[in-house]
Amino acid sequence: MDRDDEWPAEKRHIKRRRNLTPAEKQAQDIEQLFDNPTSAMRLPSPPPPVFRVRPPPDMVPHVQGSSSGVGSGEFHVYKMTRRNESDRINAMKYEADRAAAQEEFNKKRAMQAAQDEAKTSKNRSRREKKKRALQRARQANEAETLSSGDVPGNISPVRVESQKSPVS
């Protein structure tokens, strides 16, 4: 039996649904935003922190020494408090390392920005100097042409003769 015979005629040519690619999903979300611009946007939640550590307790009810205790139940309490304290110390180290790395990055970025600004200002001064020199040359050329009695834009006969190429 043919597969087309199993389905009614009206359902044979229905396009089957498939999973959307990430680009198609993003395009669909943007279209929905444009369809109703007054609706509120749903923003994704921020990522969870790397470490979730409870602050140390204000008062520790069962203070223990370095030994795990005599009873079997005391060992688990000791291990739990030791693990919590170890997690808290690791989280503090991680935050300190992250802050130091961020500070170093900011310092490097500021130093690079200062170098870029110095190079840009040096190039800017060169361009301005070249521009001023060109303006002075143009003004001198215009003053020379005006003092010789020529009208700017016309070619003097002396120049025309000097520009002629020798005929061989």
Side-chain angles (χ1 to χ4, degrees), residues 3-4 7 9-58 82-168:
R3 282 202 104 178
D4 289 339
W7 293 89
E10 62 271 2
K11 290 189 177 182
R12 276 187 215 149
H13 301 291
I14 292 177
K15 197 172 193 180
R16 294 205 168 98
R17 299 183 84 175
R18 61 177 175 77
N19 291 338
L20 299 176
T21 64
E24 292 170 339
K25 176 70 174 148
Q26 185 177 19
Q28 184 182 39
D29 292 344
I30 290 173
E31 284 298 320
Q32 287 177 355
L33 287 174
F34 281 127
D35 287 344
N36 188 5
T38 59
S39 67
M41 282 180 50
R42 184 180 56 84
L43 297 175
S45 60
V50 177
F51 290 104
R52 280 190 208 179
V53 179
R54 293 181 294 202
D58 294 333
R82 195 179 88 174
R83 187 188 70 238
N84 287 343
E85 185 63 16
S86 174
D87 289 347
R88 191 175 72 81
I89 290 171
N90 286 339
M92 288 190 305
K93 284 181 185 176
Y94 174 78
E95 287 299 322
D97 292 344
R98 199 171 112 199
Q102 185 67 35
E103 184 179 333
E104 181 181 342
F105 170 75
N106 289 339
K107 191 189 310 181
K108 280 185 180 179
R109 186 169 65 173
M111 187 173 64
Q112 186 65 39
Q115 287 177 351
D116 291 346
E117 180 59 32
K119 186 174 181 181
T120 303
S121 65
K122 183 177 177 182
N123 289 339
R124 184 184 310 121
S125 66
R126 284 182 180 171
R127 284 192 308 271
E128 289 173 357
K129 184 178 177 182
K130 187 176 179 181
K131 188 177 180 180
R132 284 193 303 265
L134 283 173
Q135 286 176 348
R136 275 191 237 116
R138 281 189 196 134
Q139 289 173 354
N141 192 12
E142 287 176 6
E144 179 185 314
T145 56
L146 289 177
S147 66
S148 67
D150 292 339
V151 179
N154 291 342
I155 300 175
S156 66
V158 175
R159 288 188 184 166
V160 171
E161 290 173 11
S162 65
Q163 290 178 356
K164 286 184 181 178
S165 62
V167 179
S168 15

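Residue indices begin at 1 and follow the sequence shown.
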Go through the steps for Thr38 and Asn36 under the test side chain to side chain donor-acceptor pair (under 3.5 Å), then give the verdict. CA-CA 6 Å; Thr38 59; Asn36 188 5; 2.8 Å; yes
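- A search for salt bridge (charged side-chain N to carboxylate O under 4.0 Å, His left out) contacts involving Arg88 returns Glu85, not counting sequence neighbours.
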Would you be so kind as to tabulate the donor-acceptor pairs closer than 3.5 Å made by side chains of residues 96-106, with sequence neighbours excluded?
residue : atom : partner : partner atom : Å
Gln102  : NE2  : Asn106  : OD1          : 3.4
Asn106  : ND2  : Gln102  : O            : 3.4

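- Screening residues 125-139 for salt bridge (Lys or Arg N to Asp or Glu O under 4.0 Å) gives no qualifying pairs among residues at least two apart or on separate chains.
- Side chain of Ser86 to backbone of Arg82: no donor-acceptor contact under 3.5 angstrom is found.
- Atom NZ of Lys108 is separated from atom CE of Met111 by 7.5 Å, given to the nearest 0.5 angstrom.
- Under the side chain to side chain contact (heavy atoms under 4.5 Å, CB included) rule, Gln28 has a single partner from Glu24, Lys25, Glu31, which is Lys25.
- In this structure, Leu146 CG and Asn141 CG are separated by 9.5 Å, a value rounded to the nearest 0.5 Å.
- With Gln26 contributing its side chain and Ala23 its backbone, the two residues share no donor-acceptor pair below 3.5 Å.
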